[in-house]
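Worksheet for the structure shown next.
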Amino acid sequence: MMDVKRVISKIEKNYIINNLRKQERIDGRGLWDYRKFKIQSDIISSAEGSADVSLGETRIITGLKYEVGEPFPDLPNEGVCTVMAELLPLASPLFERGPPDEQSIELARVVDRGIRHADCVQTKKLCIKENEAVYILFVDMYVINYDGNLIDAGGISALTTLISAHIPEGKIENGNLEWTGKYFTGESIVNELPIVITYGKIGDIVFLDPNLPEELVCDGRISISVTEDKITSIQKSGAATFSIDELKMLGDKSLEIGKKLRKDLNLWQYKAKYK
Amino acid sequence: MENDKDQTEELDEFEDEETTRDLVVPGEVLTEDTKNFLPGRGTILNKERDKIISLSIGLKQIKKNYINVIPLRGFYTPRPGDKAIALVVDKNPVKYKCDINAKDYAQLKPKNTVRKGRIRGGRGKDFEQERLSTDKFDIGDILVVKILSADRLNKPELTTIGKYLGKKSNGIVISIDPPKIPRVIGRSGSMIKMLKNLTNCNIFVTQNGRIWLKGEDLAHERLVIESIYKIASEAHIVGLTDRMQEFIIKEKEKRGIK
Amino acid sequence: MPLIIKDEYPEVLFREDGKRLDGREKNELRPIKMEVGVIKNADGSAYLEWGDNKIFAAVYGPREVHPHHLAKPDRGILRVFYRMATFSVFDRKRPAPGRREKEISMIISDCIEPILFLELYPGTSFEVFIEVINADGGTRCASTTVAALALADAGIPMKSLVSAVAVGKIDGKIVVDLSGIEDKAGEADLPCAITWYNKEISLLQFDGDMDLNEMSEFLDLAKDALGRIHQIQLEVLKSKFLTIQEKSDEIIVNKENQGES
């Protein structure tokens with residue numbers, strides 16, 4: 001397609017819309033097809049877990065680091081898991097340098113909420129000593145190439161990173177923090193696998209996994225996180241409106257797509273090799 | 001076909017007999033014989049004046065006593081007379097700001113969008129108005145333009161007056177690496193003719209790396225787009241036209257399109 | 001609170017058989033792997049794995065300068081942004097760029113500038129973004145090496161490539177290409193880069209102590225290693241086009257074979 005510009009041409013917009021009306025897309029997909037996922041895990045030796053996820057040409061590298069800190073007073077026996085995202089100016093001429101902008105905060109927030117409300121990370125297991133020491137996990141996502149739908153790629157990337165985790169297991173002995181010699185792995189931290197699924201909407205057409213030109217011309221998007229049988233978070237963004245019937249349909253669709261994706265990607269294969 | 005004749009004048013330097021298959025990289029010594037050879041395009045004489053050195057990744061070409069490097073990667077530098085596909089990104093009452101895939105935005109003045117001859121049509125007042133206002137095009141329009149002037153210091157100036165020039169109201173634009181554009185056109189237009197004939201698509205190739213195309217349906221257009229990307233990635237290989245022809249015929253069969 | 005496993009260095013940096021801890025000889029480089037064209041959106045890009053260093057570089061330009069007041073009317077400007085991912089180091093790095101990153105960005109920019117013809121592109125900028133996603137010693141040298149490759153991949157006219165390597169002194173012995181541990185536990189560290197069109201040093205820093213004999217030993221060792229790195233860069237740059245060529249040759253060969261049968 002044409003080189004990436006902030007202004008998208010009218011003919012490209014019409015072209016995309018006209019083809020979507022005929023249930024066709026320029027890259028050959030149907031309305032409800034994902035681009036291809038490519039996943040690699042544990043690629044960064046300095047991180048306690050990592051993933052390199054491509055969704056079509058969109059690519060995100062995520063790493064996990066931990067710190068030991070004091071728990072929140074209202075949750076004395078629970079660890080913390082935070083998600084951050086950086087849209088590197090290296091990834092697209094549309095990204096600018098500087099502090100995180102709305103788009104990167106939204107990406108981090110949506111992925112974070114997908115994880116938080118799905119009983120994905122067992123925060124109670126991240127406690128070393130009640131009221132004193134818990135793990136604080138940092139899941140940091142770096143966008144390496146931007147070709148639309150960062151949220152879905154980010155969601156899979158964060159999940160794979162957590163699954164591939166290997167965090168040194170600590171204990172408090174005589175007031176000192178010590179290593180037990182063992183590792184916490186993703187298997188013991190991660191419970192549910194919430195999958196974020198994003199749809200674009202142009203006019204009255206809804207479609208799965210918008211690529212960059214589609215994302216730039218679409219009126220809005222909706223991201224739905226699903227576990228095996230439940231919806232755990234929804235984010236509508238952009239100036240589109242969705243009818244009640246559409247939302248019901250998308251809820252159904254999401255559970256179905258989530259199931260298929262969970263099976264196809266088989267994320268548990270990326271769990272850390274050692275304990 | 002819109003622009004066959006127009007584009008056959010383009011020289012496909014990749015197929016030129018003087019172009020060797022020698023792949024060279026920046027800093028590579030092309031010759032130490034500075035008595036018989038002169039540094040041409042994409043090359044430089046070193047400080048000691050005893051070597052000619054390549055400035056970019058490309059194919060070595062010896063033409064008469066010049067040594068050139070035909071680049072395989074690079075950006076578009078506008079030259080007067082070039083045809084380009086421009087995207088209107090901004091406008092004010094006196095000019096349009098256009099993206100032509102070059103280092104600077106180009107400007108298009110309204111007087112260069114209306115033919116002078118029309119004043120005789122008896123619509124003098126309207127014409128004057130049109131000549132002075134920027135109502136004709138909108139932000140987001142795709143224009144086929146000609147570069148009127150371009151130099152190192154000033155922003156390029158465009159015109160839409162001329163054969164095949166003007167606004168495109170349908171079809172799609174794709175981009176490839178500008179140095180590979182001659183390859184899509186082919187020697188005396190052979191590649192582009194072949195593409196058009198086999199796919200029945202309208203294709204307009206411009207020097208700034210952008211290609212406009214429109215076919216019967218998406219299936220045909222997708223085949224053309226894929227073929228053009230394939231040409232771009234294999235630009236440095238000999239006998240590309242024949243291989244592309246074979247590729248398209250085979251793909252058409254595979255996809256069941258006419 | 002401290003981390004559970006502490007970041008500690010060994011006291012001895014050589015094994016009993018005289019080799020370094022990772023099994024290398026004194027003048028041996030870590031394994032280097034590079035690739036160009038890895039970031040589709042960029043005008044030019046490259047990826048490098050050098051030991052445990054993993055670095056992406058992307059080039060955008062020539063393009064308009066933002067913010068506008070930085071533009072120079074008589075020449076283009078080169079801006080390098082060297083950044084490290086939070087998880088690229090042992091202790092999680094803060095996400096915002098620190099003083100170290102800004103300094104290294106400047107050094108790399110100064111190192112690369114001589115190979116470009118910036119005077120030909122007045123009022124524009126070339127931007128090189130470098131992202132270290134895994135760091136293991138010598139990232140400024142690795143970044144310089146991969147940035148040069150990304151610039152060449154962008155097709156920006158340049159006089160030659162640039163290669164960089166660090167030499168240093170560990171346990172009193174002079175070695176090439178310090179790893180992360182050697183860098184932290186060693187006595188001296190001399191990162192340097194060479195611009196190949198005039199074979200002169202374009203990046204040079206030094207921390208530690210050396211006498212004049214050692215200095216010449218440092219530079220000789222560096223020169224030899226830089227030559228090897230340059231070879232790898234050239235091969236990588238060409239291989240992108242050669243592999244496509246081989247593939248198409250294969251197709252032709254297959255076709256011929258089919259014709260016979």
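The sequence lines fix the lettering, A, B, ..., with proteins before strands; numbering per chain opens at 1.
- At a 4.5 Å heavy-atom cutoff, the contact between A/Asn19 and chain B is made by side-chain atoms alone.
- For the options B/Ile174, B/Val89, B/Leu218, heavy-atom pairs under 4.5 Å to chain A are most numerous at B/Leu218.
- In this structure, the portions of B/Ile139 lying under 4.5 Å from any heavy atom of chain A include both its backbone and its side chain.
- A/Asp147 and A/Asn211 are not linked by any side-chain donor-acceptor pair at a separation below 3.5 angstrom, with hydrogens and angles left out of the test.
- Only the backbone of B/Asn170 comes within contact range of chain A, with heavy atoms under 4.5 Å apart.
- Geometrically, B/Lys230 engages B/Phe247 in a cation-pi contact, judged by NZ or CZ lying under 6.0 Å from the ring centre and within 45° of the ring axis.
- One finds a salt bridge joining B/Arg79 and B/Asp82 here, because a Lys/Arg side-chain nitrogen approaches an Asp/Glu carboxylate oxygen to under 4.0 Å.
- When only modelled atom types and interatomic distance are considered, A/Tyr199 and A/Ser254 share a side-chain donor-acceptor pair under 3.5 Å.
- With chain B as the partner, the residue from A/Ile11, A/Asn14, A/Val7 showing the most heavy-atom pairs under 4.5 Å is A/Ile11.
- A salt bridge between A/Asp27 and A/Arg35 is absent, with no side-chain N of the basic residue lying under 4.0 Å from a carboxylate O of the acidic one.
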